[in-house]
Amino acid sequence: MLDIGFLELMLIGLVGLLVLGPERLPCAARTAGMWIGKIKRTVSGMQREISAQLEAEELRQKLNEQQQKLDNSLKKAKMDVESIADSPSASTPSTNAASQSDTEQRVAKASARLDDALETVREESPTSTSAANHEGKPETADSEKAALNKDRNHQ
């Protein structure tokens, strides 16, 4: 920190002894030690606060990224479901079987995306599961309610 050697400390002590005298030097050293301790504690407290703020900001960024990924996957699933609902249900008999298998594939993909999105919501909501554990309710009911509320908010 200050890179003070033994000779420098001896010189400071000798000057302090000459200036303050032998009766006031121990009290001055004690007071200087207390002030140095307070300064060190204040600096370490500030460092802890800064590191805690940086960690909190990093967590917020990760949470926002996960929220965006979840929103995008839910939007894709919603668009798939809407496209399936909007597709014509009846056409010529020769293309009806092909369109039905195509519709089934799109339904399967949309269902898989919705299942993935719901699983992501269940995995990423530890606060709702910990609250459910404290209340004695099953975890799945709370996570399903959270998923339904989230889906309602997006509509």
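When reading the values below, keep in mind they use all heavy atoms of this one structure, side chains included, and skip hydrogens, waters and symmetry mates.
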Check your understanding: With the threshold set at 4.0 Å, does a side-chain nitrogen-carboxylate oxygen contact exist between Lys69 and Glu65?
Key ->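 Answer for the salt bridge query: no.
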Review point. Is there a side-chain contact between Leu14 and Met10 (heavy atoms, below 4.5 Å)?
Key: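 A side-chain contact under 4.5 Å is absent here.
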**Study point:** Heavy atoms from other residues, nucleotides or ligands near CD of Glu23 exceed 12 (cutoff 6.0 Å)
**Key:**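 For Glu23, atom CD is crowded (more than 12 foreign heavy atoms under 6.0 Å).
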How many angstroms lie between atom [atom1] of [X] and atom [atom2] of [Y], to the nearest 0.5 angstrom?
{"X": "Leu11", "Y": "Ile4", "atom1": "CG", "atom2": "CD1", "value": "10.5 Å"}
{"X": "Thr31", "Y": "Ile36", "atom1": "OG1", "atom2": "CD1", "value": "11.0 Å"}
{"X": "Arg48", "Y": "Met46", "atom1": "CZ", "atom2": "CE", "value": "11.5 Å"}
{"X": "Ile39", "Y": "Met34", "atom1": "CD1", "atom2": "CE", "value": "12.0 Å"}
{"X": "Arg30", "Y": "Leu25", "atom1": "CZ", "atom2": "CG", "value": "10.0 Å"}

**Study point:** Pair Gln68, Asn64: side-chain N/O donor-acceptor within cut-off below 3.5 Å
**Key:** no
Review point. Who are the side-chain contact (heavy atoms from CB on, under 4.5 Å) partners of Ser51, not counting sequence neighbours?
Key: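 Checked Ser51 against side-chain contact (heavy atoms from CB on, under 4.5 Å); zero matches.
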Exercise for review: Please list, chain by chain and in numerical order, all residues satisfying side-chain contact (heavy atoms from CB on, under 4.5 Å) with Glu57, sequence neighbours excluded.
Suggested key: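 By the side-chain contact (heavy atoms from CB on, under 4.5 Å) rule, Glu57 matches Arg60, Gln61.
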